[in-house]
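Working notes, structure below.
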Protein chains: 2
Amino acid sequence: MEQMSRNLAFQLKKIRQQRHLSLDDVAKATGVSKAQLAQIEKGEANPTVSTIWKIAAGMRTSFSSLLQAPTAHFMKYSSKDAPHVDEDEGRYRVYSIIPYNPERGWELYKIEMEPGAFSRSEAHTEGVEETVTVIQGQATISAGEMHEFLEEGDTLVFSGHQPHEYKNTSEKLTILHLILQYK
Amino acid sequence: MEQMSRNLAFQLKKIRQQRHLSLDDVAKATGVSKAQLAQIEKGEANPTVSTIWKIAAGMRTSFSSLLQAPTAHFMKYSSKDAPHVDEDEGRYRVYSIIPYNPERGWELYKIEMEPGAFSRSEAHTEGVEETVTVIQGQATISAGEMHEFLEEGDTLVFSGHQPHEYKNTSEKLTILHLILQYK
DNA sequence: GACATATGTATACTTTAATAAACATCAAGA
DNA sequence: TCTTGATGTTTATTAAAGTATACATATGTC
């Protein structure tokens, strides 16, 4: 996404201004054209790795510091446009609340389960951790050989590298929040 | 440089193979074309940030882990093709032994000073550290208000954010190794 | 053996990143 | 006021990133 372009925009501009350099100076030091640098600082560019490399090298800085997110944002995610997927004939519904983002490293889902609804997931890749909180209702969660019954307010954390199951063992609609954390 | 492309090539291939995915799988998960992914894995591509973002997001991984250098290399730098710059009418010569590299964060120079040769540097940007080792001869180094006389085998470390001077106070050729470290 | 499916490679094309040069803007200094 | 120089912006062109499609090569399976 253009998230990264904005980070780069911010960091480059910051470095350039801290060092009191003009676009021409930076162009000369990095070998990247002035026009392109201007575009990058405006966040209107989608540079290649080699361009970023040239900037990092010329400015004597690192990739990470160039691509670092500046500070906290103020970002609203609306459940209106949250995409969702159904399972178990529509009785198990998964809504993506916050999609995965490489900077963040995790994603957030809301899960709605009709009474008796059931879902089974195969083992994810190594290093995935699931954190489930029961917002409403009750659920039984199994991972490998372990089983746990959860009520409203309960939270379970488990490693997702093994097959696991979600089941609504109550008589009413159960709502979960699921955080998937990737290493 | 294509250093980064190689890191990306290695890391992507590693992830893909660890997870037993085909290029088509990754293409579908990331939204990046199979052809481009193949190129990237061969290290023959120079992807844009948005492409890397798509890969990181689709693979549920981070930028840093994708761009991480895999393991130690085995890389020879020849002093033959080391560029050099002269000062003080050719009596102060600076050879770049290892050029700056964003992954490394520092660079190495060799400095040759004829007897009496002299060089003055303005303050560098904040966070630069200089490490000077006398390989041969003697030198007097000043940084701000501090002065130090160095003989063969001596090393001096100082902060480069103030004006500093190098001078060969001996009767013979003095050779220094200079490491410039950037924060 | 012939067919089907899956996987990586090569090729033709479209889109766009990157450059270079001209242009606009502004602040000294004569 | 009129230059002059420095700085960022705009525009036209070129170089290459990215896509889509077709191709080659296996690896089963009937």
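Quantities reported herein were computed from a predicted structural model and do not represent experimental measurements. So that the names make sense, note that chain A is the first sequence line, chain B the second, and so on, each numbered from 1.
Rounded to whole Å, atom P of dT7(D) lies 6 Å from atom CG of Asp25(A). Rounded to an integer number of Å, the gap from CG of Leu21(B) to C1' of dA6(C) is 14 Å. Distance CG (Leu37(B)) to P (dG8(C)): 10 Å, rounded to an integer number of Å. Taking atom CD of residue Gln36(B) and atom P of nucleotide dA20(D), one finds them 12 Å apart after rounding to whole Å. Separating the CD atom of Gln17(A) from the C1' atom of dT7(D) is a distance of 13 Å, rounded to the nearest angstrom. dT5(C) atom C1' lies 12 Å from atom CG of Asp24(B), rounded to whole Å. Here dT16(C) presents its P atom at 17 Å from CD1 of Ile40(A), a figure rounded to the nearest Å. The separation between Glu41(B) atom CD and dA10(C) atom P is 14 Å, rounded to whole Å.
Placement of Ile179(A) and Phe158(A) in two distinct hydrophobic clusters is found when ILVMFWY residues are connected by side-chain heavy-atom separations under 4.5 Å, directly or transitively. Note: the hydrophobic cluster containing Ile141(A) also contains Val128(A) (ILVMFWY, side chain heavy atoms under 4.5 Å, direct or indirect links).
Side-chain contact between Arg19(A) and Asp25(A) is absent, with no heavy-atom pair separated by less than 4.5 Å. By the 4.5 Å heavy-atom criterion applied to side chains, Ile15(B) and Val26(B) are not counted as neighbours.
Picking from dT10(D), dG8(C), dG8(D) the nucleotide with the shortest atom distance to the side chain of Ser22(B) gives dG8(C).
Position along DNA chain D of the nearest nucleotide to Glu44(B) versus Lys34(B) favours Glu44(B) as the more 5'-ward residue. For Ala38(B) and Asn46(A), each mapped to the nucleotide of DNA chain C holding its nearest heavy atom, the one lying further toward the 5' end belongs to Ala38(B).
Contact annotation: Arg16(B) does not reach the phosphate of dT7(C) (side-chain N/O to OP1 or OP2, under 4.0 Å). For Thr51(A), a side-chain nitrogen or oxygen approaches OP1 or OP2 of dA18(C) to under 4.0 Å. Remark: Thr48(A) is in phosphate contact with dA18(C), judged by side-chain N or O atoms under 4.0 Å from OP1 or OP2. One finds a side-chain N or O of Lys54(B) lying less than 4.0 angstrom from the OP1 or OP2 phosphate oxygen of dT19(D).
Remark: the Glu87(B) side chain and the Tyr166(B) side chain contain no N/O donor-acceptor pair separated by less than 3.5 Å.
Ser33(A) comes within 4.0 angstrom of a nucleotide base, judged by non-hydrogen atoms across all strands.
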